[in-house]
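The structure appears right after this line, and notes come after that.
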Amino acid sequence: MQNRGLNNKKASGWCRKLLSWYDDHRRDLPWRNESDPYKIWLSEVMLQQTRVETALPYYKRFISEYPTLQKLALAEEGRVLKLWEGLGYYARARHFLQAVREVDCQYGGRVPDTAKEFGGLAGVGEYTQAAVLSIAYHQPLAVVDGNVRRVLCRLFAITEDTSKVKMQREMQRIAQHLLDPSRPGDYNQAIMELGALICIPRAPRCEQCPVAKLCEGRKAGIAAALPVKKKKKVLPIKQYTAVVLLQAQKCLIRCRKERLLHGLWEFPNVVTSDDTDVELSSLLSTPVTLAKDVFQLTHEFSHLRWQISIVLGETTGEVQPQGDGWRWVTVEEMDVLPFPAVYQPVVKMVQKKLRDN
DNA sequence: AAAGCGGGGAA
DNA sequence: TTCCCAGCTTT
């Protein structure tokens with residue numbers, strides 16, 4: 001890293017100040033001071049791309065239902081997704097369940113403590129590996145997440161684009177160099193806590209920062225502008241028409257097999273076109289008549305935008321949907337199945353309709 | 001190396 | 001609105 005970084009004497013001052021600040025200011029969170037690797041692992045999975053405040057109630061519900069790894073290993077995926085409903089990035093939940101089942105049968109139920117074995121599990125990347133092994137097993141592995149990238153870019157006034165692989169490796173090397181090997185788990189949580197509470201994205205609270213005097217970005221007056229990121233491109237828009245079909249106090253829904261929202265349930269839908277009704281009739285193998293009333297839903301993902309027209313439908317013949325994963329469900333069954341956030345208003349509307357009948 | 005993958009809170 | 005979050009997998 002050439003001359004970027006702290007020398008050993010400054011690095012020890014950095015660790016002392018950071019850990020001392022953490023000991024005084026850390027938030028009281030249920031997975032802290034927790035020694036069960038399973039619980040620590042769950043918290044790290046839930047916190048991927050997710051804020052602490054958002055994950056907190058999900059974590060509590062999840063641990064309440066699955067207090068041990070062994071209990072989770074026996075769970076049904078649908079139930080796990082229901083507990084994850086609204087948290088997003090549902091592949092996290094499916095990978096975690098898969099990995100936990102693997103730990104249960106391959107490793108006798110004990111979360112492996114080697115990078116090779118733990119890092120080989122589904123959904124465990126470089127970050128999660130370092131986080132769990134350092135926090136649960138006190139191994140000297142430094143984490144690099146969004147918080148750490150921001151803190152390090154400011155600390156060393158790094159202005160390169162950190163999304164590049166070369167810079168990712170640089171970040172990892174700097175982080176590992178700064179790590180306090182005597183308290184690796186606390187150190188990792190401390191630097192992330194600093195990023196979450198003090199060294200925040202827009203307006204860093206430098207006056208409260210325990211290491212402000214070490215900060216090159218602050219010295220150069222550019223801290224708030226770091227890290228430098230490339231601007232994202234415009235979102236593609238996809239338009240769908242989804243139909244609500246009710247028969248005999250039940251509603252027709254389908255389990256998604258696509259990568260996006262895999263395993264979650266939705267209402268029958270096609271890409272909106274001039275003959276949406278024909279396409280829906282084809283999908284359901286029977287003529288479908290669409291009502292005039294339509295209400296629009298929009299949902300923005302990180303990479304695309306959905307515009308969904310919701311319409312009531314009537315059929316004359318017997319519905320024979322193409323493919324599997326279709327079900328006619330009651331109000332009670334809808335309560336139990338996981339739906340993505342975008343369809344929650346439809347779920348509520350359908351349940352009200354069925355109850356009012 | 002880049003794209004795909006959710007949802008929500010903060011400014 | 002815009003940003004971006006205790007990232008991983010697939011292409």
Side-chain angles (χ1 to χ4, degrees), chain A residues 22 26-27 29 31-32 40-59 81 84-96 98-99 119-132 134-135 141-151 161-169 171-172 175 185-197 199-205 224-236 238 256 258-264 266 298-306 338-344:
Chain A
Y22 179 67
R26 69 181 206 166
R27 289 169 289 182
L29 303 172
W31 51 84
R32 293 201 166 143
I40 292 167
W41 182 12
L42 172 66
S43 74
E44 292 301 341
V45 173
M46 283 192 167
L47 288 167
Q48 290 167 11
Q49 301 296 98
T50 306
R51 294 164 197 282
V52 166
E53 315 83 70
T54 304
L56 198 45
Y58 286 87
Y59 174 86
L81 286 173
W84 215 271
E85 182 183 80
L87 199 51
Y89 283 108
Y90 300 96
R92 291 184 294 177
R94 295 190 297 111
H95 287 146
F96 184 56
Q98 181 189 336
L121 295 167
V124 178
E126 195 169 9
Y127 167 80
T128 307
Q129 184 178 313
V132 172
S134 67
I135 298 170
L141 298 171
V143 297
V144 176
D145 74 329
N147 287 309
V148 174
R149 272 192 294 278
R150 189 170 57 254
V151 169
D161 180 356
T162 56
S163 65
K164 299 295 179 187
V165 171
K166 182 186 167 195
M167 284 309 295
Q168 307 256 4
R169 280 197 292 265
M171 293 279 116
Q172 192 68 51
D186 285 341
Y187 171 87
N188 279 332
Q189 295 188 76
I191 188 169
M192 292 190 285
E193 192 81 333
L194 187 75
L197 299 181
C199 200
I200 55 181
R202 285 181 175 76
R205 299 165 177 155
L226 302 176
V228 174
K229 304 202 167 174
K230 60 172 186 283
K231 61 174 184 288
K232 62 174 185 187
K233 33 195 165 180
V234 294
L235 296 182
K238 292 206 174 185
R256 289 180 62 87
E258 296 85 341
R259 190 138 78 98
L260 178 62
L261 302 172
H262 185 108
L264 283 79
E266 67 180 1
T298 73
H299 189 76
E300 207 157 284
F301 301 89
S302 52
H303 57 300
L304 68 91
R305 179 183 313 198
W306 273 3
F339 289 84
V342 62
Y343 282 113
Q344 293 299 334

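Every value quoted in this text rests on a predicted model; they were computed, and no experiment measured them. Proteins come first, then strands; the chains are lettered A, B, ... in the order of their sequence lines, and each starts at number 1.
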Upstream residue (5' side of DNA chain C) when Gly123(A) and Ala196(A) are each assigned their closest nucleotide: Ala196(A)
Any sub-3.5 Å donor-acceptor pair from Asn147(A)'s side-chain atoms to Gln189(A)'s backbone N or O? no
Report yes if at least one side-chain N or O of Lys166(A) is closer than 4.0 Å to OP1 or OP2 of dA1(B); otherwise report no. no
Within the 4.0 Å limit for protein heavy atoms, which parts of nucleotides 6-11 of chain B are touched? Write it as a string from 5' to 3', B for base, S for sugar-phosphate only, - for none. BBBB-S
Is the backbone N or O of Gly195(A) less than 3.5 Å from a side-chain atom of Arg150(A), with the two atoms forming a donor-acceptor pair by type? yes
Taking any heavy-atom pair under 4.0 Å as a contact, classify Arg32(A): base, sugar-phosphate, or nothing. base
Counting any heavy atom closer than 4.0 Å, what does Trp84(A) reach on the DNA or RNA strands: base, sugar-phosphate only, or nothing? nothing
Where is the tightest heavy-atom contact between Leu235(A) and Leu304(A), given as atom of each residue plus distance? CD2-N, 3.8 Å
Roughly how far apart, to the nearest Å, are dC4(C) and dC5(B) at atom C1'? 15 Å
Would you tell me whether Glu44(A) and Tyr127(A) have side-chain atoms, one donor and one acceptor, within less than 3.5 Å of each other? yes
Between Val124(A) and Pro201(A), name the one whose nearest nucleotide on DNA chain C is closer to the 5' end. Pro201(A)
Within the structure shown, what part of the strands sits under 4.0 Å from Thr128(A) by heavy-atom distance: base, sugar-phosphate, or nothing? sugar-phosphate
Might you point out which heavy atoms bring Ala122(A) and Ala99(A) nearest each other, and give the distance in Å? O-CB, 3.6 Å
Roughly how far apart, to the nearest Å, are dA6(C) and dA11(B) at atom P? 13 Å
Could you tell me the boundaries of the chain A footprint on DNA chain C, defined by atoms under 4.0 Å from its heavy atoms? dT2(C) to dT10(C)
Base, sugar-phosphate alone, or nothing: which one does Ala122(A) contact when heavy atoms must sit under 4.0 Å apart? sugar-phosphate
Arg205(A) side chain to Leu197(A) backbone, donor-acceptor under 3.5 Å: yes
So does Phe96(A) get a backbone contact from the side chain of Arg92(A), meaning a donor-acceptor N/O pair under 3.5 Å? no
Salt-bridge criterion met for Glu193(A) and Arg26(A) (N-O under 4.0 Å): no
Report the distance from atom CZ of Arg305(A) to atom P of dC5(B), rounded to the nearest whole Å. 17 Å
With C1' as the reference atom in both, quote the distance from dC3(C) to dG6(B) in angstrom, rounded to an integer. 15 Å
Should the ring pair Phe301(A) and His299(A) be called parallel, tilted or perpendicular, given that the plane angle runs from 0 to 90° and is split at 30 and 60? perpendicular
